[in-house]
Amino acid sequence: MNNKTFITTDDVAEILGVSNSYAYKIVRKLNAELAAKGYLTVAGRVNRKYFVERLAMVKIY
């Protein structure tokens, strides 16, 4: 998982220990934030760097 630019909702669910449906909600929110900044987004995936930055995570799998 460390070499991926984007992480999936399955990855988000595993990392945060939440359900897949809640992971989808988180990914949609993060993608909406990125879209508001003018970035293109991919449905069901979120930029790994932004995910770590936004959730203030120091180490990710």
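Below, each value reflects all heavy atoms present in this structure, side chains not excepted, and no hydrogens, waters or symmetry copies.
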**OP:** Check side chain to side chain donor-acceptor pair (under 3.5 Å) between Ser19 and all other residues, then give those that pass, not counting sequence neighbours.
**Re:** Ser21
**OP:** Could you tell me which residues satisfy side chain to side chain donor-acceptor pair (under 3.5 Å) with Thr8, sequence neighbours excluded, listed by chain and number?
**Re:** Asp11
**OP:** Could you tell me the separation between the CG atom of Asp10 and the CG atom of Asn20, rounded to the nearest 0.5 Å?
**Re:** 5.0 Å
**OP:** State plainly whether one hydrophobic cluster holds both Ile7 and Tyr39, where clusters connect Ile, Leu, Val, Met, Phe, Trp and Tyr through side-chain heavy atoms under 4.5 angstrom apart.
**Re:** yes
For residues 26-37, which side-chain donor-acceptor pairs fall under 3.5 Å, sequence neighbours excluded?
unit_1: Asn31; atom_1: ND2; unit_2: Val42; atom_2: O; d: 3.2
unit_1: Asn31; atom_1: ND2; unit_2: Arg45; atom_2: O; d: 2.9
unit_1: Glu33; atom_1: OE1; unit_2: Tyr50; atom_2: OH; d: 2.5
unit_1: Glu33; atom_1: OE1; unit_2: Arg54; atom_2: NE; d: 2.9
unit_1: Glu33; atom_1: OE2; unit_2: Arg54; atom_2: NE; d: 3.3
unit_1: Glu33; atom_1: OE2; unit_2: Arg54; atom_2: NH2; d: 3.0

Subject >> For Asn47 against Phe6, the heavy-atom pair lying closest together >> reply: N-CD2, 3.6 Å
**OP:** Report the C-alpha distance between Ile15 and Phe51 in whole Å, list the side-chain angles of each, state the deciding distance to 0.1 Å, and finish with yes or no for side-chain contact (heavy atoms from CB on, under 4.5 Å).
**Re:** CA-CA 11 Å; Ile15 291 165; Phe51 174 76; 4.2 Å; yes
